[in-house]
Amino acid sequence: MELLVVALTIGLLLIMVIYSVSIYNKLVSYRTQYENGFAQIDVQLKRRLDLIPNLVEVAREYMEHERETLLEITRARSEMATALEEAERAPGNAGAMKKLAAAESTLQGAMAGFNLRVEAYPDLKASENMKQLSEELVSTENRIAYARQGYNDLVQKYNEYRRSFPPMLFASMFGHPEDATLLEFAESRETLPKSNGKHSTSLMSSHWAQTTLRQLSTFFQRRRSTPLRPARIASTP
């Protein structure tokens, strides 16, 4: 009888150890997956950071009186690069993701202002270099949007498993004390500009597009002449 109790006890302990190891391995695996997902975002964000200086150089040849606009883009790019470096060291960290989203919002605003001013420079819009950069930026923005969605899906998967029972009893013990954080940008992917297959003159990202189009629409509506209305002749009583 005593041997049976000992055997059952050993068996239960062995099952608990095996199950605990399984939970640990899954937590590590899911974290590795969302970290790899962020690495895909990182690649595309760096690619966009590399394109922006080229954009500024091309624009400078035509926009001699828009130095402040170009300087604003340069400053926003620098802020984005700093935030990205921090996020690289801690993918999923709440502070790092919040800082990255804020830097993206700043860059979004800088590029929205730039897009409005480009409308006043038709030679710049017609430049082959600008057209090529526009195509590359649009393509990169699509990749960022898809990569970010993939990362967020993997973060959700990790968080759901970490919160489930019984993993929630072991998560902190195994070095997973808190949920990973989603990467949320200002606009959704549905606002991405679409290329016509030839040359796109749009320099707007997924979250620049909606704001800039709205501003341009207002600008041109104000310039549109108001149609003349026939004068009303008061009727004689």
Side-chain angles (χ1 to χ4, degrees), residues 37-38 40-60 63 66-88 91-121 124-125 130-152 155 181-195 200-220:
F38 182 82
Q40 300 304 311
I41 301 175
D42 181 64
V43 168
Q44 300 308 324
L45 289 178
K46 284 181 176 178
R47 183 172 186 268
R48 187 180 65 183
L49 290 177
D50 290 340
L51 289 172
I52 289 176
N54 297 334
L55 174 70
V56 171
E57 284 301 316
V58 171
R60 185 176 286 118
M63 303 172 70
E66 303 288 353
R67 294 182 180 179
E68 183 59 32
T69 299
L70 300 179
L71 184 59
E72 184 178 351
I73 294 175
T74 301
R75 286 194 295 258
R77 177 191 177 276
S78 178
E79 180 182 337
M80 185 66 179
T82 300
L84 185 56
E85 288 180 3
E86 182 176 328
E88 284 176 351
N93 176 268
M97 295 301 100
K98 183 178 180 180
K99 185 174 181 180
L100 185 61
E104 177 69 16
S105 179
T106 301
L107 185 59
Q108 164 190 342
M111 290 302 297
F114 172 78
N115 290 329
L116 283 176
R117 284 162 175 76
V118 166
E119 294 300 317
Y121 298 89
L124 174 59
K125 293 177 62 178
M130 182 60 73
K131 290 178 181 180
Q132 182 179 354
L133 283 169
S134 175
E135 288 289 345
E136 292 181 11
L137 283 169
V138 169
S139 174
T140 302
E141 288 300 335
N142 276 289
R143 295 176 186 177
I144 291 172
Y146 283 120
R148 188 167 62 85
Q149 183 60 55
Y151 162 81
N152 286 340
V155 164
T181 302
L182 300 172
L183 181 58
E184 299 287 354
F185 287 164
E187 298 292 341
S188 64
R189 189 185 166 277
E190 283 71 16
T191 60
L192 275 170
K194 295 181 180 180
S195 171
S200 171
T201 59
S202 171
L203 301 175
M204 295 175 286
S205 68
S206 57
H207 28 270
W208 301 331
Q210 201 171 56
T211 300
T212 305
L213 286 175
R214 185 165 55 249
Q215 291 172 330
L216 285 173
S217 177
T218 302
F219 173 76
F220 285 114

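Values below: every heavy atom of this structure, side chains too, minus hydrogens, waters and symmetry copies. Bear in mind that the values here come from a model prediction, so they are computed numbers and not experimental data.
- Here the CG-CZ distance, from L45 to R143, works out to 13.0 Å after rounding to the nearest 0.5 Å.
- Atoms CD and CE, on Q108 and M111 in that order, are 11.0 Å from each other to the nearest 0.5 Å.
- Within the 4.5 Å cutoff, the side chain of Y151 has no heavy atoms near those of the Q40 side chain.
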R67 vs R60, test: side-chain contact (heavy atoms from CB on, under 4.5 Å). Steps then yes/no. CA-CA 8 Å; R67 294 182 180 179; R60 185 176 286 118; over 6 Å; no

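- At a threshold of 4.5 Å between non-hydrogen side-chain atoms, the residues T181 and V155 do not count as touching.
- A101 approaches F185 most closely through the heavy-atom pair CA-CE2, 4.0 Å.
- Remark: R117 engages E66 in a salt bridge (charged side-chain N to carboxylate O under 4.0 Å, His left out) (not counting sequence neighbours).
- Taking CG of N115 as the start and OG of S134 as the end, the distance is 9.0 Å to the nearest 0.5 Å.
- Expressed to the nearest 0.5 Å, how far CG of L51 lies from CG of L55 amounts to 8.5 Å.
- At a threshold of 4.5 Å between non-hydrogen side-chain atoms, the residues L182 and M97 do not count as touching.
- With sequence neighbours excluded, no residue forms a side chain to side chain contact (heavy atoms under 4.5 Å, CB included) with K98.
- A distance-only check finds no donor-acceptor pair linking the side chain of S78 to the backbone of T74 [under 3.5 Å].
- Between K46 and D50 there is no salt bridge, since no side-chain N of the basic residue sits under 4.0 Å from a carboxylate O of the acidic one.
- For E86, the side chain to side chain contact (heavy atoms under 4.5 Å, CB included) partners are R89, A96, K99, not counting sequence neighbours.
- In terms of modelled atom types and a separation under 3.5 Å, the side chain of T140 and the main chain of E136 share a donor-acceptor contact.
- With a 4.5 Å cut-off on side-chain heavy atoms, E141 and R48 count as touching.
- Taking each heavy atom of L49 and P53 in turn, the nearest pair found is O-CD, 2.9 Å.
- Rounded to the nearest 0.5 angstrom, N142 CG and Q44 CD are separated by 10.0 Å.
- Using a 4.5 Å heavy-atom threshold, the side chains of E79 and L107 count as separate.
- A donor-acceptor pair under 3.5 Å is formed between the side chain of N152 and the backbone N or O of L183.
- Atom CD of E57 and atom CG of L70 lie 9.5 Å apart (nearest 0.5 Å).
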